[in-house]
Amino acid sequence: MMGPFCNEPMTDFSLADNRRLLETALDDIKKTYGQLYPLLIGGREIVPENMKHSINPARHGETLGVVAQADRKRAAESVDIAAAAFEHWKRVDPAARARTLYKAAALLRRRKHEFSAWLVAEAGKTWVEADGDTAEAIDFLEYYGREAERLCVPQPLVRIPGEDNEWTYVPLGVGIVIPPWNFPLAIMAGMTASAVVAGNTVVLKPASATPVVAARFVRLMHEAGLPEDVIQFVPGSGGEIGDVLIDHPLTRFVSFTGSMEVGLRIVERAARLQPGQRWIKRVIAELGGKDAIVVDRDADLAAASLGIVQSAFGYAGQKCSACSRAIIHADVYEEVTERVTALTKRLTIGDPALHGTDVGPVIDRAAYNKIRQYVTAGKQQGRLLTGGGMDDGAGYFVEPTIIADVDSQASLAQDEIFGPVLACIRADDFGHALAIANDTPYGLTGAVYSNRRERLELARDLFHVGNLYFNRKCTGALVGVHPFGGFNLSGTDSKAGGPDYLIQFMQGKVVSERM
Ligand code: NAP
Ligand code: MG
């Protein structure tokens, strides 16, 4: 029996011993740079002709791994094989499935710094961000294991005389798991482990920017005792093989986290009945955000400014929960923008492998180019307070950039940029600030800084986002503490890391016997 869930603690890098652990891990992983990562379908390693290098975004000349790329035929085959594996995996005792997750959590805890080092190298995360990503992955394994034990036993029902009634949850079938690159361990592991512990088999198509972390996690699951045909590891271009995976008649559900554009495409395709398909495909889609922090006139302005900077520029703004709009009451607008600018100028930009770096690179050239367009547009749409510099000589570096006096309808205030770019918007009063905050197609996270109870209660009622924070930053949701998911075009509000999540990968079956 496992004890109650508790969150994995963060590593304290102010201690020299802890710093040494991660430094050693960063050195150790270099010995395996350039390794080959094959496809893994039905437990069989496959090395196709087409391969792709995974690179370090802080040093784009550095190859971390050479990763097999599935074509359409392999992708289709992986769904067939996952469907065959479902026949045995669905019969495994849910408690045994949960134990596989607990074992994987224990292994990951032991090898925490090794995985964090890969996150630094492949995703460009700073030490603290990488450590948080690994801790969250451990949390998901521990949490969903317990959730499976809670849900995979007969559930309470009203009893009537003369009948024996039983309600249980059974798995769905083959799930296509398509994670993003920005939490390449936590989100990928959470999406995969939840599907698997519920009794489903999976085709995991990792994000193309971060396949090495995913490949290493799949190996870890095997070390933990997961049968090798339960997860098919199928790296490849989403644009090329995504449709085949989604459209396959044996696909039962799709678990997707990524952009709105791709998410909506998946929802649409999954809705179409294919020849031979016998179910309505379920789609769990967690998408983008245009998250705002609202600062009231009567707020702790120092705390608000720090919260804005942490939320906007942590991991170079590449979080779905990142603050990309600071909506500030006119009476304190000048003071807050000045404070935010001053704090931002103090951030250290550079190689995330170095302890003390606050902001690393953005993920790849496409992101770099997209962000550049918004920085250029931003200078026209408002007043540049700091940043704007970019350098792709060695890695994809973008200075934390703040644009003030942005109109709430400007592209800088409406589009998800997914980089270190903050738009500051002036609000006439608190009601106006909330109206601006709600006026995008998204609804993922948000925060309000205020010392007035009635203002907070108004925001509690009106600020329409899945995760709303008061007097704290809008990033950093903890498993079990802050179930996570967004409203409107931010997704299906699946609330990852919460008690509503696992049930989405199961269906309830009621058996009633006349006695
Ligand atoms: P993305 O471009 O949508 O990619 C996400 C995944 O979808 C990748 O594995 C990608 O593969 C795949 N993909 C691309 N085209 C596809 C297609 N036509 N069919 C099927 N799959 C396809 O998003 P991203 O750039 O990786 O991640 C950033 C986005 O994720 C942001 O919008 C962010 O807000 C969102 N996000 C949301 C949450 C949340 O919980 N709501 C959490 C994290 C991130 P390739 O890599 O091969 O293109
Ligand atoms: Mg993309």
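Atoms within a ligand are numbered from 1 in the order they appear, just like the ligands themselves.
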> Relative to each other, are the rings of Trp118 and Tyr33 parallel, tilted or perpendicular (30° and 60° limits)?
Replying inline: tilted

> ligand 1 versus Lys319, non-hydrogen atoms closer than 4.0 Å: side chain, backbone, both, neither?
Replying inline: neither

> Looking only at distance, does Glu416 have an N or O less than 3.5 Å from an N or O of ligand 1?
Replying inline: yes

> Are any of the N/O atoms in Ser208 less than 3.5 Å from those in ligand 1?
Replying inline: yes

>> Residue-level breakdown please: for Phe256 versus ligand 1, do any non-hydrogen atoms fall below 4.0 Å on the side chain, on the backbone, on both, or on neither?
In response: side chain

>> Does the plane of the ring in Phe418 sit parallel, tilted or perpendicular to the ring in Trp181? Use 30° and 60° as the thresholds.
In response: perpendicular

> Heavy atom under 4.0 Å from ligand 1: found in Leu444's side chain, backbone, both, or neither?
Replying inline: side chain

>> Any nitrogen or oxygen of Asp243, side chain or backbone, less than 3.5 Å from one on ligand 1?
In response: no

> So which of Ile178, Thr210, Thr445, Val254 gets nearest to atom 12 (C) of ligand 1, if we judge by its closest heavy atom?
Replying inline: Ile178

>> Check this for me - ligand 1, Lys205, N or O atoms closer than 3.5 angstrom, yes or no?
In response: yes

> What do you reckon, does Ser259 have a nitrogen or oxygen under 3.5 Å from a nitrogen or oxygen of ligand 1?
Replying inline: yes

> Is it the side chain (CB and beyond), the backbone, both or neither of Gln318 that lies under 4.0 Å from ligand 1, heavy atoms counted?
Replying inline: neither

> How far apart are the closest heavy atoms of Ile436 and Arg325, and which atoms are they?
Replying inline: O-NH1, 3.0 Å

>> Heavy-atom count check: over 12 atoms from other residues, nucleotides or ligands less than 6.0 Å from Gln409 CD?
In response: yes

> What do we get for Ile187 next to ligand 1 when only non-hydrogen atoms under 4.0 Å count, side chain, backbone, both or neither?
Replying inline: side chain

> Which heavy atom in Asp415 sits nearest to a heavy atom in Lys290, and how many Å separate them?
Replying inline: O-NZ, 2.7 Å

> Is it the side chain (CB and beyond), the backbone, both or neither of Ser237 that lies under 4.0 Å from ligand 1, heavy atoms counted?
Replying inline: backbone

> Is it the side chain (CB and beyond), the backbone, both or neither of Pro179 that lies under 4.0 Å from ligand 1, heavy atoms counted?
Replying inline: backbone

> What about Leu287: any of its N or O atoms under 3.5 Å from an N or O on ligand 1?
Replying inline: yes

> Counting heavy atoms only, which of Gly258, Ser494, Gly238 is nearest atom 17 (C) of ligand 1?
Replying inline: Gly238

> Quick one: ring-ring contact (aromatic ring centres under 6.0 Å, His included) partners of His464, sequence neighbours excluded?
Replying inline: Phe487

> Hey, does the side chain of Ser54 reach the backbone of Leu64 with a donor-acceptor pair shorter than 3.5 angstrom?
Replying inline: no

> Under 6.0 Å between ring centres, would you say that holds for Tyr501 and Tyr144?
Replying inline: yes

Table please: side-chain donor-acceptor pairs of residues 304-312 below 3.5 Å, with sequence neighbours left out.
residue: Ser305; atom: OG; partner: Leu301; partner atom: O; Å: 2.6
residue: Ser311; atom: OG; partner: Gly307; partner atom: O; Å: 2.7
residue: Ser311; atom: OG; partner: Cys474; partner atom: N; Å: 3.2

